[in-house]
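The block underneath contains the structure these notes are about, expressed in structure tokens.
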Amino acid sequence: MERLTLPSSQVLPELQETVAEYHRDVVTEIVRTLEQSPVVVVGMTINPFVKKARQALDQAGIPYAYLEYGGYLSRRRERLAIKMWSGWPTFPQVFVQGQLVGGATDLERWIREGRLQSLLQSTEAA
């Protein structure tokens with residue numbers, strides 16, 4: 001099921017560039033990292049769920065790239081751009097092989113069930 005987004009045809013032409021360029025540098029950095037790293041965690045400081053996700057990956061011995069965008073009192077606009085891009089409302093945002101798999105709870109379940117390891121092994125073999 002596709003997430004509903006406002007079609008560009010319903011955005012005034014003079015606003016389309018502003019919408020398209022809203023913290024594009026942040027989104028571009030994430031996209032580049034997704035192309036280079038099998039597992040990527042996008043997060044923020046102090047958030048306990050980001051810490052849980054990183055600890056789960058460390059304990060499982062799974063290497064990952066970590067991108068951090070401020071804390072509760074800083075860089076909220078950049079984090080908003082990330083949420084608008086991914087459609088995921090919270091942090092962390094965990095990506096495996098370029099696909100969003102969810103947050104910390106989802107990641108912990110994937111690790112516990114062996115799904116994360118299987119996905120990583122199947123793409124290594126390909």
Side-chain angles (χ1 to χ4, degrees):
M1 172 187 264
E2 289 289 320
R3 179 171 63 96
L4 291 177
T5 56
L6 187 64
S8 59
S9 63
Q10 289 183 263
V11 177
L12 289 174
E14 59 263 32
L15 299 179
Q16 288 181 7
E17 183 176 351
T18 301
V19 171
E21 294 298 320
Y22 187 73
H23 292 287
R24 187 180 202 92
D25 58 326
V26 170
V27 174
T28 299
E29 179 180 34
I30 294 169
V31 170
R32 284 189 187 133
T33 305
L34 294 177
E35 292 168 351
Q36 297 169 356
S37 300
V39 179
V40 177
V41 177
V42 179
M44 56 187 282
T45 60
I46 304 171
N47 183 311
F49 292 97
V50 173
K51 185 176 181 178
K52 283 178 66 172
R54 295 180 71 194
Q55 285 176 339
L57 288 166
D58 289 340
Q59 289 172 358
I62 298 170
Y64 60 94
Y66 176 59
L67 299 172
E68 185 174 275
Y69 295 97
Y72 290 103
L73 301 176
S74 66
R75 300 188 74 183
R76 68 176 178 79
R77 288 187 176 108
E78 288 94 332
R79 288 193 308 279
L80 176 60
I82 296 165
K83 291 176 182 182
M84 291 167 56
W85 167 73
S86 71
W88 192 252
T90 60
F91 290 97
Q93 296 187 10
V94 181
F95 297 83
V96 177
Q97 302 298 0
Q99 294 184 19
L100 177 65
V101 299
T105 304
D106 305 295
L107 174 65
E108 289 173 328
R109 185 178 66 250
W110 273 61
I111 292 171
R112 185 175 57 252
E113 295 173 356
R115 292 173 65 191
L116 180 62
Q117 296 86 334
S118 293
L119 179 61
L120 290 170
Q121 289 170 354
S122 68
T123 53
E124 284 175 5

Sidechain-backbone polar pair: R115 side chain, I111 backbone, donor-acceptor under 3.5 Å: no
Closest non-hydrogen atom pair between K52 and A104, with its separation: CB-CB, 4.4 Å
Qualifying residue for side-chain contact (heavy atoms from CB on, under 4.5 Å) with Y69, from R76, R77, H23, R75: R75
Verify same cluster id: M84, V94 (apolar side-chain graph, 4.5 Å): no
Transitive ILVMFWY side-chain link F49 to V101, under 4.5 Å: no
From NZ (K83) to OG1 (T90), nearest 0.5 Å: 7.5 Å
Same cluster (ILVMFWY, side-chain, under 4.5 Å), V11 and W85: no
Heavy-atom pair with the smallest gap, counting every atom of Q117 and W110: OE1-O, 4.0 Å
Exceeds 12 heavy-atom contacts within 6.0 angstrom, atom CD of Q99: no
K51 atom NZ, over 12 foreign heavy atoms within 6.0 Å: no
Spacing of I62 atom CD1 and L116 atom CG [to the nearest 0.5 Å]: 4.0 Å
More than 12 heavy atoms of other groups within 6.0 Å of E17 CD: no
Between OG1 on residue T33 and CD on residue E35, distance to nearest 0.5 Å: 9.0 Å
side-chain contact (heavy atoms from CB on, under 4.5 Å) assessment of L57 paired with L107: CA-CA 8 Å; L57 288 166; L107 174 65; 3.7 Å; yes
Any donor-acceptor pair under 3.5 Å from R3 side chain to W88 backbone: no
Distance in Å, Y22 OH paired with L80 CG, rounded so as to fall on 0.5 Å steps: 4.5 Å
L6 atom CG: more than 12 heavy-atom contacts under 6.0 Å: yes
Pairwise distance CD(E68) to CZ(R79) - rounded to 0.5 angstrom: 9.5 Å
Exam field: side chain S37 to backbone L34, donor-acceptor pair closer than 3.5 Å: no
Donor-acceptor contact present, side-chain Q93 to main-chain G43, <3.5 Å: no
Enclosure of L73 CG (heavy-atom neighbours >12, cutoff 6.0 Å): no
NZ/NE/NH1/NH2 to OD/OE distance under 4.0 Å, E29 and R32: no
Residue pair V96 / L120, side-chain heavy-atom distance below 4.5 Å: yes
Which atom of E14 lies closest to which atom of T18, heavy atoms considered: O-OG1, 4.5 Å
Heavy-atom closest pair, residues Y66 and V50: OH-CG1, 3.4 Å
cation_pi(R54, Y64) dist<6.0 Å, angle<=45: no
Side-chain touch D25/T28, heavy atoms, less than 4.5 angstrom: no
Chi angles and distances behind the side-chain contact (heavy atoms from CB on, under 4.5 Å) call for I82, V42: CA-CA 9 Å; I82 296 165; V42 179; 4.1 Å; yes
Main-chain N/O of G103 paired to D106 side chain as donor or acceptor, under 3.5 Å: yes
Interatomic distance, L67 atom CG to I30 atom CD1 [nearest 0.5 angstrom]: 6.0 Å
Heavy-atom side-chain proximity of V39 to F95 below 4.5 angstrom: no
Expected output: side-chain S74 to main-chain G70 donor-acceptor under 3.5 Å: no
